[in-house]
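Hydrogens, waters and symmetry mates play no part in the numbers below; they use all other heavy atoms, side chains included. Chain letters run A, B, ... following the sequence lines, proteins first and then strands; every chain starts at 1. On a predicted model such as this, the values are computed, not experimentally measured, just so you know.
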Amino acid sequence: MNGFNLSRSIRTRQLLQVRRMRKITEFEPRIIAFTCNWCAYSAADIAGISRFHYPANVRNIKVMCTGMIDPGYILRAFERGADGVLVAGCEIGDCHYISGNIKAKERVERLKKLLHILGLEDERLRLEWIDAGDGRKFADTIENMAGKLKKLGPSPFKKEVKS
Amino acid sequence: MSDVRIGIFVCHCGKNIGGVINVPEVTEYAKTLPDVVYAEHNLYTCSAEGISSIRQKISEHKLNRVVVASCTPRTHETLFRNACEAAGLNKYLFEFVNIRDQCSWVHMQEPEKATEKARDLIRMGVAKARLLEPLEEVEIRVTPSCLVIGGGVAGMSAALNLANQGFEVYLVERDKELGGLLLNLNRLFTINGKAEEVIIPLIERVKNHQKIKVHTSTEVKGVAGFIGNFDVTLDQKGEERKIKVGTIIVATGAEVLKPVGQYGYGDKSNILTQLELEERLNKGMGDEQNIVMINCVGARIPERPYCGRICCMVAIKNAVLIKENDPRAKVWVLHRDLMTYGTEFEKYYQKAMEKGIRFIRYSLDKPPEIVGNNKVKAVKVYHQLMGKEMVLPCDMLVLTTPLIPHEDNQDISRMLRVSLSEHGFFLEAHLKLQPVEFATDGIYICGCARWPTDVPEAISQACAASAKAVIPMRRGYVRPEAITASVNEDKCSGCGTCVLLCPYNAIELQSKDGKKLAHITTAQCKGCGTCGAACPSGAISMNHFRDEEILAQVEALVI
C-alpha cells in the first residue's frame, strides 16, 4: 500500500512539475485595455469589489472617455507588441460626455478595417460597452479575450519586431 | 539630468494587497525605475501615518511627483491629492496606480502573476508621472439665479424653496396655467384630500412671490453656457427672451399613457383611463354598479418594461372613492402584482379590501378579455389563484396606464446636454449617490421627469434638487477640474473639425493675425478629449491625458 501511495505521489509531483513547466512556456497574451473613467474603469473596480477573478493578462490605462482615444494609441500598442487591445466605455446613450463613445465606435471600426489590411486578426482589437456597475461583464470580457488570444498566439506584429 | 523626482508609496491595504502581492519586492522594484528617488511601503497609505509620511517625504526628498499604488482613484484620489497640496505640490502632479481593485482582488489565486502585474502597473504609472504637468484650476463666478423648467408640483416646490432662500427664480411652464398634472386630479392618496386643496394654494404662493418670475405658455428654446453662467433663450409664443442663470432644475414631469386600441379603448364608450375616471369622480359618477379596473395596461410589457410605480395606488384610491360614493357598487381590480410599498400604502390597500373591493390576479399570458360590442358588458378573466376563468359583469371598464416620458425629452436632453434612460426619462448622475443631480454640473432633476412619483416624493425631490442648486449659488463660484483641452496655436490649421465634434460647444474658430484658430473656452470644456483625438494636426492636447502621457504608459507596458 505504502509503495503504491509513494509511487502515486511521485507521479503526481512529476505531473505537476510538467504542468508548471508547460505553464511557464505557455503563451501569455498581453492585453492593453483603454477604460473610460466613468463606466469601464468603474466596472473593473466593481469586478474587484465582487472578487470576480479573471486572467492577469490585462493592464488598464484610464482615459476620461473612449472618445479621447486617438487611433494612434492603439496602433502604437500593437506596434510595440501588444497581443490585444480592448477599448471599453459607457453603453451607447449613457456616455458621460453625451456622445464620446459613438465617436470611439466609428474610429475603432475604421481602424479595424485598416488593421485587417495590415494582417492583424479581428479578435485582437475589441470594443465593449461596459456599464459602471457591470463588474461581471468586465471580468467575462477579459476572460473571453484572453482565451481567444491564447488560441491565436502572439501578435504577428510582435514576430516581425523580434526577427 | 532630469529634474523629475518621483516618490512612490505602495500600500499593503492590510492583507487586501499585501496578502496577494509581494509588496516589499514591488517597492524595491519601483526604486529601480527612472527618476524614482524614493519608494516606501505602508500598511495603509491612507491612514494618518501614511498621509503624513507622503507630506514629510515630499519635503525631505524634494519630491516633485508622487505615485501611490493602492486601491482606486474613485475613492481615494482626492485624499492623496490633498496630501500633495498640503505639502506644496500641485495636485495634478499626483498619479494613482490601482493595484487592489484591479489587481490583488481579481488575481488572488495567482499571487505571482498579480505581483508581476503590479510591477507593470507601477512602471506605467511612473512613466506617466514623469510627464505630468502642474495645472491651475480656474475660478468661475456663479450667477445667483435659477431656471426651473416645469410648473407642476415639483417645479413650483423647487422654485418656492429657492426663492425663499433669496435666489431669483425663472419658472417656465409651457401650458397656459401653472399646476401640471395635479390640475386634472380629483383626490390624492392616502389622505383622500382634494388635489386642488394642495395645488391652488401652491400656485398662489408662487405667483405672489417677489423672487419668482413666472413665464407661462413659454418654452425653453436654447441653453448655452455652463454651471454658473447659462445663457437661456425663452420662447413665449414666438416672442424670444434671453435670461442668464447660474443653475437649472428640470421638473418637466410626465404624461399619462393613452391606451389606444387596447381592450377596445377608443371604440367602446364605457372604457376610461384612471385619469378620465378622476374627472368623472370630480363631477359626480353615474349609476354604474359594476366597475372593473385592469392594472398594468401598457406597463411591464416587453415594449415598456418599467413599473408605473404609482398606478396601483391610483387604482386602489379610485376604487375606494367609488365604493365610498356608492357602497352597493361592485369594484374588481385585476392586477398582475400590487405595489403598495411602505407602511401607509399597505394600510390603504388593507382598508380597500375591507371595504369589499375584489382584487384578482391575472397573468400576462392570459390577459382579461372584453365581452360586448359597442359597450363593454362583461370582462372575462382567468383567476390565477383559483385556476379558473371568471366572467365579471361590467358597466364601466377602467384601464390603469403608467406615466410615460414626454416625447420632447429627447430635445431637452440634447439642449441641456444631460442623459436620458433607456425608457426615455431623464437620468441622474448616480442612481444611489447623486439622485437629484445630472452628470452635467449645475443642472438638477426632480419629480416625474425622472420616473413616476407621487406628490410627497415630488416635493421631497424638489427640496433636494433646490438644496443642491443652492450650493454653488451660495458659494458664489465654482472651480471645475483642470482636466481640459488646450490648443497649440502654432500647430492649429483652423480646419474646425474640433468645433463640429465638441459636445459642449466649447470650441469656436476665432481670427487671430488674419488666421483662423480654434479657441477653447476652458470653463465650458468638460475634458472629454474627443477634439484632441480627432485633431488632424495634433494641435489639441488634453491636460493630464496628453498624447505623450498615454503613449508613455503604452510603451512602459510593452517592453
Distance (rounded to the nearest 0.5 Å) between [X] [atom1] and [Y] [atom2]:
X      : Y      : atom1 : atom2 : answer
A:H96  : B:K526 : NE2   : NZ    : 8.0 Å
A:R59  : B:D120 : CZ    : CG    : 4.0 Å
B:E555 : A:R76  : CD    : CZ    : 4.5 Å
B:W105 : A:D45  : CH2   : CG    : 8.5 Å

Can you name the nearest heavy-atom pair linking [X] to [Y], along with the distance?
X      : Y      : answer
A:M64  : B:G527 : CB-O, 3.6 Å
A:Y41  : B:P73  : OH-CD, 3.2 Å
B:C528 : A:Y97  : CB-CG, 3.1 Å
B:Q102 : A:Y54  : O-OH, 4.0 Å
B:H107 : A:A56  : CE1-CA, 3.4 Å
B:A533 : A:R107 : CB-NH1, 3.5 Å

Would you check if [X] and [Y] make a side-chain contact, meaning some heavy-atom pair closer than 4.5 Å?
X      : Y      : value
B:N98  : A:N60  : no
A:C65  : B:M542 : no
B:K117 : A:V58  : yes

Count the heavy atoms belonging to other residues, nucleotides or ligands that lie under 6.0 Å from [atom1] of [X], then report whether that count exceeds 12.
X      : atom1 : value
A:H116 : NE2   : no
B:Q434 : CD    : yes
A:K150 : NZ    : yes

| Only one of A:I32, A:V85, A:I74, A:L75 clears side-chain contact (heavy atoms from CB on, under 4.5 Å) with B:V554; which? |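 The single option meeting the side-chain contact (heavy atoms from CB on, under 4.5 Å) with B:V554 is A:I32.
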| remark: Test side-chain contact (heavy atoms from CB on, under 4.5 Å), reference A:M68, set B:D547, B:I550, B:T530, output is B:I550
Which answer fits [X], side chain, backbone, both or neither, if we ask what part of it has an atom under 4.5 Å from a heavy atom of chain B?
X     : value
A:C36 : neither
A:T66 : neither
A:Y73 : both
A:I69 : backbone

| Among the listed options B:C71, B:S413, B:C535, B:G529, the residue most often paired with chain A at heavy-atom distances under 4.5 Å | B:G529
| message | Heavy-atom pairs under 4.5 Å with chain A - which of B:Q109, B:H544, B:R100, B:K128 has more of them than the others? | response | B:Q109
[X] versus chain A, the contacting section by heavy-atom distance below 4.5 Å:
X      : result
B:F96  : neither
B:L501 : both
B:A485 : neither

| said: Quick check on the interface: out of A:S99, A:P71, A:S42, who has the most heavy-atom pairs with chain B under 4.5 Å? | reply: A:S42
| request: Just do the side chain to side chain contact (heavy atoms under 4.5 Å, CB included) check on A:R80 and B:L551 with the steps written out, would you? | output: CA-CA 11 Å; A:R80 294 300 159 107; B:L551 290 173; over 6 Å; no
